[in-house]
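Only this structure's heavy atoms are used, side chains among them; waters, hydrogens and symmetry mates stay out.
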2 protein chains.
Amino acid sequence: MEEIKTNFEDITSRLKNNNIRLSHQRLKVLEFLHRNRIHPTVEQIYHGLIDEIPTLSKTTIYNTLNALTEAGLVKILNIEENEARYDIETDEHGHFKCKVCGNIYDFKVNMDSLEIKGLDGFKILTKDMYFSGICAKCVE
Amino acid sequence: MEEIKTNFEDITSRLKNNNIRLSHQRLKVLEFLHRNRIHPTVEQIYHGLIDEIPTLSKTTIYNTLNALTEAGLVKILNIEENEARYDIETDEHGHFKCKVCGNIYDFKVNMDSLEIKGLDGFKILTKDMYFSGICAKCVE
DNA sequence: AATAAAGTTGTAATGATTACAAGTTATAAA
DNA sequence: TTTATAACTTGTAATCATTACAACTTTATT
Ligand SMILES: [Mn+2]
Ligand SMILES: [Mn+2]
Ligand SMILES: [Zn+2]
Ligand SMILES: [Zn+2]
(Lines give C-alpha, C1' and ligand atoms only; values in the text may rest on other atoms or scores of the structure.)
(Ligands and ions follow the chains in the order given, each with its own letter.)
Protein backbone atom coordinates (compact mmCIF):
# COMPACT_ATOMS: atom_id res chain seq x y z
CA MET A 1 0.00 0.00 0.00
CA GLU A 2 2.81 2.37 0.87
CA GLU A 3 4.57 1.68 -2.38
CA ILE A 4 1.44 2.27 -4.37
CA LYS A 5 0.93 5.64 -2.71
CA THR A 6 4.56 6.52 -3.23
CA ASN A 7 4.43 5.86 -6.93
CA PHE A 8 0.89 7.03 -7.36
CA GLU A 9 1.64 10.18 -9.31
CA ASP A 10 3.99 8.21 -11.45
CA ILE A 11 1.38 5.57 -12.18
CA THR A 12 -1.47 7.96 -12.90
CA SER A 13 0.62 10.16 -15.14
CA ARG A 14 1.88 7.21 -17.09
CA LEU A 15 -1.65 5.93 -17.47
CA LYS A 16 -2.95 9.32 -18.57
CA ASN A 17 -0.33 9.44 -21.28
CA ASN A 18 -1.83 6.26 -22.70
CA ASN A 19 -5.45 7.38 -22.21
CA ILE A 20 -5.94 4.68 -19.61
CA ARG A 21 -8.17 5.30 -16.62
CA LEU A 22 -7.23 3.92 -13.23
CA SER A 23 -10.48 2.12 -12.52
CA HIS A 24 -11.38 0.28 -9.36
CA GLN A 25 -10.59 -3.09 -10.95
CA ARG A 26 -7.27 -1.90 -12.32
CA LEU A 27 -6.22 -0.46 -9.00
CA LYS A 28 -6.99 -3.77 -7.33
CA VAL A 29 -4.97 -5.68 -9.92
CA LEU A 30 -2.06 -3.30 -9.38
CA GLU A 31 -2.37 -3.71 -5.62
CA PHE A 32 -2.42 -7.48 -5.97
CA LEU A 33 0.74 -7.43 -8.05
CA HIS A 34 2.42 -5.14 -5.51
CA ARG A 35 1.50 -7.33 -2.56
CA ASN A 36 2.07 -10.73 -4.17
CA ARG A 37 5.51 -10.79 -5.70
CA ILE A 38 5.03 -14.26 -7.12
CA HIS A 39 4.71 -13.40 -10.83
CA PRO A 40 1.08 -14.55 -10.71
CA THR A 41 -1.00 -15.99 -13.49
CA VAL A 42 -4.36 -14.54 -14.52
CA GLU A 43 -5.97 -17.40 -12.65
CA GLN A 44 -4.13 -16.49 -9.45
CA ILE A 45 -5.04 -12.84 -9.74
CA TYR A 46 -8.65 -13.76 -10.37
CA HIS A 47 -8.91 -15.99 -7.32
CA GLY A 48 -7.08 -13.43 -5.23
CA LEU A 49 -9.59 -10.70 -6.03
CA ILE A 50 -12.91 -12.44 -6.65
CA ASP A 51 -13.94 -12.21 -2.98
CA GLU A 52 -13.28 -8.48 -2.90
CA ILE A 53 -14.87 -7.86 -6.31
CA PRO A 54 -17.52 -10.54 -6.80
CA THR A 55 -18.47 -9.26 -10.25
CA LEU A 56 -14.89 -9.42 -11.52
CA SER A 57 -14.40 -10.97 -14.93
CA LYS A 58 -11.29 -12.66 -16.22
CA THR A 59 -11.65 -10.65 -19.40
CA THR A 60 -11.18 -7.52 -17.31
CA ILE A 61 -7.97 -8.94 -15.86
CA TYR A 62 -6.67 -9.70 -19.33
CA ASN A 63 -7.66 -6.22 -20.55
CA THR A 64 -6.09 -4.62 -17.51
CA LEU A 65 -2.83 -6.49 -17.79
CA ASN A 66 -2.58 -5.76 -21.50
CA ALA A 67 -3.25 -2.08 -20.88
CA LEU A 68 -0.75 -1.90 -18.05
CA THR A 69 1.81 -3.72 -20.15
CA GLU A 70 1.38 -1.23 -22.98
CA ALA A 71 1.78 1.59 -20.49
CA GLY A 72 5.00 -0.01 -19.31
CA LEU A 73 3.78 -0.66 -15.76
CA VAL A 74 3.79 -4.44 -16.04
CA LYS A 75 5.94 -6.98 -17.80
CA ILE A 76 4.70 -10.27 -19.23
CA LEU A 77 6.79 -13.37 -18.52
CA ASN A 78 6.65 -16.22 -21.00
CA ILE A 79 8.67 -18.52 -18.79
CA GLU A 80 5.91 -21.13 -18.71
CA GLU A 81 4.97 -23.08 -21.81
CA ASN A 82 1.25 -22.70 -21.51
CA GLU A 83 0.42 -19.75 -19.29
CA ALA A 84 1.64 -16.15 -19.03
CA ARG A 85 2.87 -14.65 -15.80
CA TYR A 86 2.90 -10.99 -14.84
CA ASP A 87 5.55 -8.93 -13.11
CA ILE A 88 5.08 -5.54 -11.45
CA GLU A 89 8.87 -5.15 -11.34
CA THR A 90 9.85 -3.71 -14.71
CA ASP A 91 13.52 -3.06 -14.02
CA GLU A 92 15.90 -5.40 -15.82
CA HIS A 93 16.30 -8.67 -13.97
CA GLY A 94 16.37 -12.41 -14.63
CA HIS A 95 13.95 -15.16 -13.69
CA PHE A 96 14.53 -18.63 -12.33
CA LYS A 97 11.85 -21.31 -12.32
CA CYS A 98 12.23 -24.15 -9.83
CA LYS A 99 11.28 -27.49 -11.38
CA VAL A 100 10.35 -28.86 -7.94
CA CYS A 101 8.21 -26.25 -6.20
CA GLY A 102 7.29 -24.29 -9.33
CA ASN A 103 8.16 -20.94 -7.78
CA ILE A 104 9.65 -18.24 -9.96
CA TYR A 105 12.50 -16.29 -8.41
CA ASP A 106 14.03 -12.98 -9.40
CA PHE A 107 17.75 -12.55 -9.68
CA LYS A 108 19.94 -9.56 -10.38
CA VAL A 109 21.86 -9.57 -13.60
CA ASN A 110 24.31 -7.19 -15.18
CA MET A 111 23.36 -7.45 -18.83
CA ASP A 112 26.27 -5.30 -19.88
CA SER A 113 28.65 -7.91 -18.54
CA LEU A 114 27.40 -10.42 -21.09
CA GLU A 115 29.71 -11.29 -23.96
CA ILE A 116 27.65 -11.82 -27.11
CA LYS A 117 28.63 -12.27 -30.74
CA GLY A 118 26.47 -12.22 -33.84
CA LEU A 119 24.23 -9.22 -33.29
CA ASP A 120 26.28 -6.52 -34.98
CA GLY A 121 23.93 -3.93 -36.44
CA PHE A 122 20.96 -5.32 -34.53
CA LYS A 123 18.87 -2.95 -32.44
CA ILE A 124 18.21 -4.74 -29.16
CA LEU A 125 15.04 -3.55 -27.42
CA THR A 126 14.31 -6.22 -24.83
CA LYS A 127 16.41 -8.82 -23.06
CA ASP A 128 14.78 -11.72 -21.26
CA MET A 129 16.66 -14.30 -19.27
CA TYR A 130 14.95 -17.47 -18.10
CA PHE A 131 16.80 -20.00 -16.00
CA SER A 132 15.44 -23.22 -14.60
CA GLY A 133 16.62 -25.78 -12.11
CA ILE A 134 16.18 -26.42 -8.41
CA CYS A 135 15.89 -23.62 -5.90
CA ALA A 136 17.92 -23.46 -2.69
CA LYS A 137 15.01 -24.62 -0.53
CA CYS A 138 14.26 -27.63 -2.71
CA VAL A 139 17.93 -28.57 -3.10
CA GLU A 140 18.13 -29.64 0.56
CA MET B 1 22.19 -34.54 -45.54
CA GLU B 2 25.89 -34.65 -44.89
CA GLU B 3 25.44 -33.53 -41.33
CA ILE B 4 22.79 -36.11 -40.68
CA LYS B 5 25.04 -38.88 -41.96
CA THR B 6 27.94 -37.50 -39.99
CA ASN B 7 26.02 -37.57 -36.73
CA PHE B 8 24.02 -40.62 -37.60
CA GLU B 9 25.62 -42.99 -35.12
CA ASP B 10 25.31 -40.33 -32.49
CA ILE B 11 21.62 -39.83 -33.21
CA THR B 12 20.69 -43.49 -33.38
CA SER B 13 22.59 -44.35 -30.22
CA ARG B 14 20.99 -41.51 -28.35
CA LEU B 15 17.58 -42.61 -29.59
CA LYS B 16 18.21 -46.22 -28.64
CA ASN B 17 19.08 -45.14 -25.13
CA ASN B 18 15.60 -43.70 -24.86
CA ASN B 19 13.87 -46.61 -26.60
CA ILE B 20 12.97 -44.38 -29.51
CA ARG B 21 12.91 -45.78 -33.04
CA LEU B 22 14.09 -43.66 -35.92
CA SER B 23 11.00 -43.98 -38.10
CA HIS B 24 10.53 -42.56 -41.57
CA GLN B 25 8.52 -39.62 -40.23
CA ARG B 26 11.03 -38.87 -37.50
CA LEU B 27 13.92 -38.95 -39.93
CA LYS B 28 12.11 -36.50 -42.18
CA VAL B 29 11.43 -34.17 -39.27
CA LEU B 30 15.10 -34.30 -38.31
CA GLU B 31 16.12 -33.63 -41.90
CA PHE B 32 13.76 -30.68 -42.09
CA LEU B 33 15.22 -29.19 -38.94
CA HIS B 34 18.74 -29.70 -40.28
CA ARG B 35 17.98 -28.07 -43.63
CA ASN B 36 15.78 -25.24 -42.39
CA ARG B 37 17.58 -23.43 -39.63
CA ILE B 38 14.68 -21.09 -38.99
CA HIS B 39 13.50 -22.47 -35.64
CA PRO B 40 10.30 -23.64 -37.32
CA THR B 41 6.88 -24.07 -35.79
CA VAL B 42 4.93 -27.32 -36.00
CA GLU B 43 2.85 -25.70 -38.71
CA GLN B 44 5.94 -24.92 -40.78
CA ILE B 45 7.31 -28.44 -40.39
CA TYR B 46 3.95 -29.86 -41.37
CA HIS B 47 3.67 -27.79 -44.55
CA GLY B 48 7.28 -28.50 -45.39
CA LEU B 49 6.75 -32.26 -45.28
CA ILE B 50 3.14 -32.87 -46.27
CA ASP B 51 3.97 -33.14 -50.00
CA GLU B 52 6.62 -35.75 -49.32
CA ILE B 53 4.52 -37.64 -46.77
CA PRO B 54 0.87 -37.09 -47.73
CA THR B 55 -0.40 -39.13 -44.78
CA LEU B 56 1.56 -37.12 -42.24
CA SER B 57 -0.34 -36.06 -39.15
CA LYS B 58 0.40 -33.07 -36.96
CA THR B 59 0.07 -35.33 -33.95
CA THR B 60 3.04 -37.28 -35.26
CA ILE B 61 5.06 -34.10 -35.49
CA TYR B 62 4.19 -33.22 -31.91
CA ASN B 63 5.02 -36.75 -30.77
CA THR B 64 8.26 -36.71 -32.69
CA LEU B 65 9.38 -33.35 -31.38
CA ASN B 66 8.53 -34.30 -27.82
CA ALA B 67 10.43 -37.56 -28.16
CA LEU B 68 13.44 -35.85 -29.72
CA THR B 69 13.37 -33.20 -27.03
CA GLU B 70 13.39 -35.83 -24.30
CA ALA B 71 16.31 -37.53 -26.03
CA GLY B 72 18.14 -34.21 -26.06
CA LEU B 73 18.29 -33.91 -29.84
CA VAL B 74 15.99 -30.91 -30.08
CA LYS B 75 15.34 -27.85 -27.96
CA ILE B 76 12.00 -26.12 -27.58
CA LEU B 77 11.98 -22.33 -27.80
CA ASN B 78 9.24 -20.45 -25.99
CA ILE B 79 10.23 -17.13 -27.51
CA GLU B 80 6.78 -16.63 -29.02
CA GLU B 81 3.77 -15.99 -26.83
CA ASN B 82 1.43 -18.45 -28.49
CA GLU B 83 3.43 -21.00 -30.45
CA ALA B 84 6.48 -23.15 -29.73
CA ARG B 85 9.51 -23.21 -31.99
CA TYR B 86 12.03 -26.00 -32.36
CA ASP B 87 15.80 -25.88 -32.62
CA ILE B 88 18.09 -28.65 -33.86
CA GLU B 89 21.05 -26.76 -32.43
CA THR B 90 21.27 -27.80 -28.80
CA ASP B 91 24.52 -26.09 -27.88
CA GLU B 92 24.16 -23.10 -25.61
CA HIS B 93 23.28 -19.97 -27.58
CA GLY B 94 20.91 -17.02 -27.43
CA HIS B 95 17.94 -16.08 -29.62
CA PHE B 96 16.88 -12.78 -31.08
CA LYS B 97 13.42 -12.17 -32.51
CA CYS B 98 13.03 -9.33 -35.00
CA LYS B 99 9.81 -7.43 -34.39
CA VAL B 100 9.71 -6.39 -38.07
CA CYS B 101 10.38 -9.51 -40.15
CA GLY B 102 9.62 -12.02 -37.40
CA ASN B 103 12.79 -14.01 -38.02
CA ILE B 104 14.56 -15.61 -35.10
CA TYR B 105 18.35 -15.31 -35.14
CA ASP B 106 20.96 -17.21 -33.19
CA PHE B 107 23.75 -15.45 -31.41
CA LYS B 108 26.74 -16.67 -29.52
CA VAL B 109 26.85 -15.98 -25.83
CA ASN B 110 29.31 -16.72 -23.09
CA MET B 111 26.98 -17.53 -20.22
CA ASP B 112 29.89 -17.76 -17.79
CA SER B 113 30.66 -14.09 -18.41
CA LEU B 114 27.32 -13.10 -16.93
CA GLU B 115 27.36 -11.45 -13.51
CA ILE B 116 24.34 -12.63 -11.54
CA LYS B 117 23.33 -12.18 -7.92
CA GLY B 118 20.58 -13.89 -5.96
CA LEU B 119 20.95 -17.53 -6.95
CA ASP B 120 23.30 -18.72 -4.23
CA GLY B 121 22.56 -22.36 -3.48
CA PHE B 122 20.41 -22.71 -6.57
CA LYS B 123 21.13 -25.55 -8.98
CA ILE B 124 20.90 -24.06 -12.47
CA LEU B 125 20.03 -26.63 -15.13
CA THR B 126 18.97 -24.56 -18.15
CA LYS B 127 19.65 -21.01 -19.27
CA ASP B 128 17.55 -19.38 -21.95
CA MET B 129 18.17 -15.95 -23.35
CA TYR B 130 15.58 -14.25 -25.51
CA PHE B 131 16.26 -10.86 -27.03
CA SER B 132 13.96 -8.88 -29.27
CA GLY B 133 14.33 -5.79 -31.41
CA ILE B 134 15.07 -5.03 -35.03
CA CYS B 135 17.50 -7.12 -37.05
CA ALA B 136 20.29 -5.65 -39.14
CA LYS B 137 18.41 -6.09 -42.41
CA CYS B 138 15.26 -4.42 -41.12
CA VAL B 139 17.17 -1.58 -39.45
CA GLU B 140 18.15 -0.10 -42.83
C1' DA C 1 5.12 -66.93 -38.95
C1' DA C 2 3.70 -65.24 -34.23
C1' DT C 3 3.90 -61.93 -30.67
C1' DA C 4 4.60 -57.77 -28.46
C1' DA C 5 6.14 -53.20 -28.31
C1' DA C 6 6.42 -48.89 -30.52
C1' DG C 7 4.69 -45.64 -34.01
C1' DT C 8 1.11 -43.29 -36.88
C1' DT C 9 -3.14 -41.19 -37.65
C1' DG C 10 -7.75 -38.87 -37.22
C1' DT C 11 -10.80 -37.07 -34.08
C1' DA C 12 -12.14 -35.18 -29.87
C1' DA C 13 -10.98 -32.69 -25.72
C1' DT C 14 -8.50 -29.14 -23.19
C1' DG C 15 -7.35 -24.67 -21.86
C1' DA C 16 -5.40 -20.00 -22.35
C1' DT C 17 -6.42 -16.01 -24.73
C1' DT C 18 -9.10 -12.96 -27.69
C1' DA C 19 -13.34 -11.11 -30.11
C1' DC C 20 -17.49 -9.17 -29.63
C1' DA C 21 -21.63 -6.85 -28.15
C1' DA C 22 -24.46 -4.98 -24.53
C1' DG C 23 -24.62 -2.48 -20.55
C1' DT C 24 -22.13 0.68 -17.12
C1' DT C 25 -19.15 4.33 -15.57
C1' DA C 26 -16.32 8.33 -15.74
C1' DT C 27 -14.84 12.66 -18.03
C1' DA C 28 -15.55 17.04 -19.97
C1' DA C 29 -18.21 20.32 -22.38
C1' DA C 30 -22.37 23.08 -22.35
C1' DT D 1 -26.15 20.14 -13.17
C1' DT D 2 -27.33 17.99 -17.36
C1' DT D 3 -25.53 15.92 -21.54
C1' DA D 4 -22.54 13.71 -24.74
C1' DT D 5 -18.83 10.87 -25.53
C1' DA D 6 -15.18 7.93 -24.76
C1' DA D 7 -13.51 4.42 -21.87
C1' DC D 8 -14.46 0.34 -19.03
C1' DT D 9 -16.63 -4.01 -17.47
C1' DT D 10 -18.73 -8.24 -18.15
C1' DG D 11 -20.50 -12.71 -20.05
C1' DT D 12 -20.42 -15.51 -23.86
C1' DA D 13 -18.63 -17.28 -27.93
C1' DA D 14 -14.73 -18.04 -30.92
C1' DT D 15 -9.89 -19.14 -31.78
C1' DC D 16 -6.04 -21.91 -31.82
C1' DA D 17 -2.04 -24.58 -30.09
C1' DT D 18 -1.43 -28.69 -27.79
C1' DT D 19 -2.73 -33.11 -25.74
C1' DA D 20 -5.65 -37.39 -24.99
C1' DC D 21 -7.34 -41.28 -26.85
C1' DA D 22 -8.40 -45.32 -29.55
C1' DA D 23 -7.89 -47.94 -33.78
C1' DC D 24 -4.74 -49.36 -36.94
C1' DT D 25 0.04 -50.19 -38.83
C1' DT D 26 4.85 -51.01 -38.61
C1' DT D 27 8.98 -52.88 -36.60
C1' DA D 28 11.78 -55.91 -33.74
C1' DT D 29 12.28 -60.36 -31.56
C1' DT D 30 11.49 -65.09 -30.97
MN1 LIG E 1 10.45 -10.64 -11.67
MN1 LIG F 1 18.86 -21.50 -32.23
ZN1 LIG G 1 11.90 -25.01 -5.29
ZN1 LIG H 1 14.08 -8.24 -39.34
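Two rings, from B:Tyr105 and A:Phe122, have their centers less than 6.0 Å apart.
Regarding A:Asn78, its CG atom lies at a distance of 15 Å from the P atom of C:dA16, rounded to whole Å. Rounded to a whole Å, the CG atom of B:Leu15 is 14 Å from the P atom of C:dA6. Atom-to-atom, CG of B:Leu68 to C1' of C:dA6 comes out at 15 Å; the value is rounded to the nearest Å. Rounded to an integer number of Å, the gap from CZ of A:Arg85 to C1' of C:dT17 is 16 Å. Atoms CD (A:Glu83) and P (D:dC16) sit 20 Å apart, rounded to a whole Å. Rounded to whole Å, the distance from CG on B:Leu65 to P on D:dT19 is 10 Å. Look at NZ on A:Lys28: it is 19 Å from C1' on D:dT10, rounded to the nearest Å. Whole-Å rounding puts the A:Glu81 CD to C:dT17 P distance at 12 Å.
Remark: B:Gln25 is not in phosphate contact with D:dT26, judged by side-chain N or O atoms under 4.0 Å from OP1 or OP2. A:Asn66 has a side-chain polar atom (N or O) that falls below the 4.0 Å cut-off from OP1 or OP2 of C:dT18.
Between the side chain of A:Arg85 and the main chain of A:Leu77, no donor-acceptor pair closer than 3.5 Å is present.
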I'd like to know whether B:Leu114 forms a side chain to side chain contact (heavy atoms under 4.5 Å, CB included) with A:Asn110, so could you lay out the CA-CA distance, the side-chain angles of the two residues, the decisive distance to 0.1 Å, and finally the verdict. CA-CA 7 Å; B:Leu114 189 67; A:Asn110 179 7; 6.0 Å; no
Candidate pair B:Glu115 and A:Val109, rule side chain to side chain contact (heavy atoms under 4.5 Å, CB included), full reasoning: CA-CA 6 Å; B:Glu115 298 169 8; A:Val109 55; over 6 Å; no
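Under 4.0 Å is where a charged nitrogen must lie from a carboxylate oxygen, and between A:Lys97 and A:Glu80 at least one such pair does.
Sorted by first then second residue, the side-chain hydrogen bond (donor to acceptor under 3.5 Å, both in side chains) pairs that include residues 53-62 of chain B, not counting sequence neighbours, are B:Glu43-B:Lys58.
Residues that satisfy the salt bridge (Lys or Arg N to Asp or Glu O under 4.0 Å) test with A:Glu52, not counting sequence neighbours, are A:Lys28.
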Any N/O pairs under 3.5 Å between the protein and nucleotides 4-7 of chain D? List them or say none.
{"unit_1": "D:dA7", "atom_1": "O4'", "unit_2": "A:Arg21", "atom_2": "NH1", "d": "3.4"}
{"unit_1": "D:dA7", "atom_1": "O4'", "unit_2": "A:Arg21", "atom_2": "NH2", "d": "3.3"}

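A heavy atom closer than 4.0 Å to some atom of DNA chain C occurs in A:Thr59, A:Tyr62, these being the qualifying members of residues 42-64 of chain A.
Note on the helix from C:dA1-D:dT30 to C:dA30-D:dT1: terminal axis deviation equals 30°, with five pairs used at each end and the result rounded to 10°.
Screening B:Val29, B:Leu22, B:Leu30 for a side-chain contact (heavy atoms from CB on, under 4.5 Å) with B:Arg26, the sole residue that qualifies is B:Leu22.
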List the atom pairs, with distances to 0.1 Å, where a side-chain N or O of residues 123-140 of chain A and a protein N or O form a donor-acceptor pair under 3.5 Å, not counting sequence neighbours.
{"unit_1": "A:Thr126", "atom_1": "OG1", "unit_2": "B:Ser132", "atom_2": "OG", "d": "2.6"}
{"unit_1": "A:Asp128", "atom_1": "OD1", "unit_2": "A:Lys75", "atom_2": "NZ", "d": "3.4"}
{"unit_1": "A:Tyr130", "atom_1": "OH", "unit_2": "A:Asn78", "atom_2": "N", "d": "3.1"}
{"unit_1": "A:Ser132", "atom_1": "OG", "unit_2": "A:Lys99", "atom_2": "NZ", "d": "3.4"}
{"unit_1": "A:Ser132", "atom_1": "OG", "unit_2": "B:Thr126", "atom_2": "OG1", "d": "2.6"}

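Counting heavy atoms from C-beta outward, B:Arg21 and B:Lys16 have side chains that stay 4.5 Å or more apart.
In this structure, a donor-acceptor pair under 3.5 Å is present between the side chains of A:His93 and A:Asp87.
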